[in-house]
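Model, not experiment: these values are computed from the prediction. Numbers here simply count residues along the sequence, with the first being 1.
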Amino acid sequence: QEQFVESGGALVQPGGSLRLSCTASGNIFSTNHMGWFRQAPGQQREWVASISIYGNPDYGDSMKGRATISRDNIKKTLYLQMNTLKTEDTAVYYCNSVRPDTTSLALYDYWGQGTQVTVSS
């Protein structure tokens with residue numbers, strides 16, 4: 001079973017920036033599109049952004065224009081650079097492979113621990 005490990009979350013003030021990282025075990029980076037998701041307290045997990053194997057990004061409405069997704073296939077690491085953070089960005093952020101036909105949907109049913117992002121003054 002593949003494993004995802006997210007890191008980089010922190011407490012940050014509104015307007016601040018963070019860069020999240022995600023590593024995955026096995027050969028997942030060489031064979032899968034990848035994505036970021038988040039889950040705020042009391043809410044369902046939502047898609048944030050995806051990036052294809054070839055590096056083509058796609059963004060959900062929640063962070064479009066404020067986030068940049070990238071990947072390093074040699075380091076097998078996925079990144080999410082988030083800027084101009086808002087209080088409503090507070091959530092646990094997760095990474096996963098995404099379906100090739102619908103990149104806003106996770107490919108696997110299992111998830112890592114996630115990394116907590118808290119935006120507060």
Side-chain angles (χ1 to χ4, degrees):
Q1 176 171 306
E2 303 289 354
Q3 291 184 329
F4 303 103
V5 180
E6 302 90 349
S7 63
L11 171 63
V12 62
Q13 292 187 342
S17 299
L18 275 178
R19 189 176 81 154
L20 306 182
S21 300
C22 163
T23 59
S25 62
N27 296 318
I28 193 169
F29 267 90
S30 62
T31 59
N32 285 285
H33 307 313
M34 297 294 296
W36 284 99
F37 299 80
R38 69 184 186 184
Q39 187 168 20
Q43 298 185 22
Q44 291 189 337
R45 187 175 285 133
E46 69 167 345
W47 170 64
V48 176
S50 299
I51 187 167
S52 73
I53 295 172
Y54 315 106
N56 299 317
D58 191 15
Y59 299 93
D61 291 339
S62 63
M63 296 206 74
K64 188 173 291 183
R66 300 188 295 121
T68 302
I69 188 171
S70 61
R71 63 191 293 163
D72 186 327
N73 290 339
I74 296 176
K75 294 182 179 179
K76 297 185 179 180
T77 304
L78 178 72
Y79 302 100
L80 183 69
Q81 175 68 43
M82 303 186 294
N83 301 318
T84 319
L85 284 163
K86 306 175 181 179
T87 55
E88 51 263 44
D89 295 321
T90 296
V92 179
Y93 285 70
Y94 302 88
C95 66
N96 205 318
S97 297
V98 296
R99 290 175 49 172
D101 55 338
T102 308
T103 58
S104 61
L105 297 179
L107 180 62
Y108 297 113
D109 291 333
Y110 48 84
W111 298 84
Q113 298 275 12
T115 187
Q116 176 71 49
V117 172
T118 302
V119 184
S120 175
S121 56

Quick one: does S121's side chain have a donor or acceptor within less than 3.5 Å of a partner on Q13's backbone?
no

Can you name the residues that form a side-chain contact (heavy atoms from CB on, under 4.5 Å) with [X], not counting sequence neighbours?
X	value
T23	V5, T77
A10	L18
S70	Y79

Suppose the criterion is salt bridge (charged side-chain N to carboxylate O under 4.0 Å, His left out): which pairs have a residue in residues 100-121, not counting sequence neighbours?
R99-D101

Trace of the side-chain contact (heavy atoms from CB on, under 4.5 Å) decision for I28 with F4:
CA-CA 10 Å; I28 193 169; F4 303 103; 3.3 Å; yes

With sequence neighbours excluded, what pairs up with E46 under the side-chain hydrogen bond (donor to acceptor under 3.5 Å, both in side chains) test?
R38

Which residues satisfy the side-chain hydrogen bond (donor to acceptor under 3.5 Å, both in side chains) test with T118, sequence neighbours excluded?
Q116

Check the pair M82 / V117 against side-chain contact (heavy atoms from CB on, under 4.5 Å), numbers first and verdict last.
CA-CA 10 Å; M82 303 186 294; V117 172; 4.0 Å; yes

Please name all residues satisfying salt bridge (charged side-chain N to carboxylate O under 4.0 Å, His left out) with [X], sequence neighbours left out, ordered by chain then number.
X	answer
K76	none
R19	none
R66	D89

Quick one: disulfide (SG to SG under 2.5 Å) pairs with a partner in residues 18-109, sequence neighbours left out?
C22-C95

I'd like to check the ring-ring contact (aromatic ring centres under 6.0 Å, His included) partners of Y94; sequence neighbours left out, ordered by chain and number.
W111

Name the atoms and distances for all side-chain donor-acceptor pairs under 3.5 Å in residues 55-64, with sequence neighbours left out.
| unit_1 | atom_1 | unit_2 | atom_2 | d |
| --- | --- | --- | --- | --- |
| Y59 | OH | I69 | N | 3.0 |

Would you say Y93 ends up clustered with V98 if hydrophobic residues are merged whenever their side chains have heavy atoms under 4.5 Å apart, either directly or through other cluster members?
no

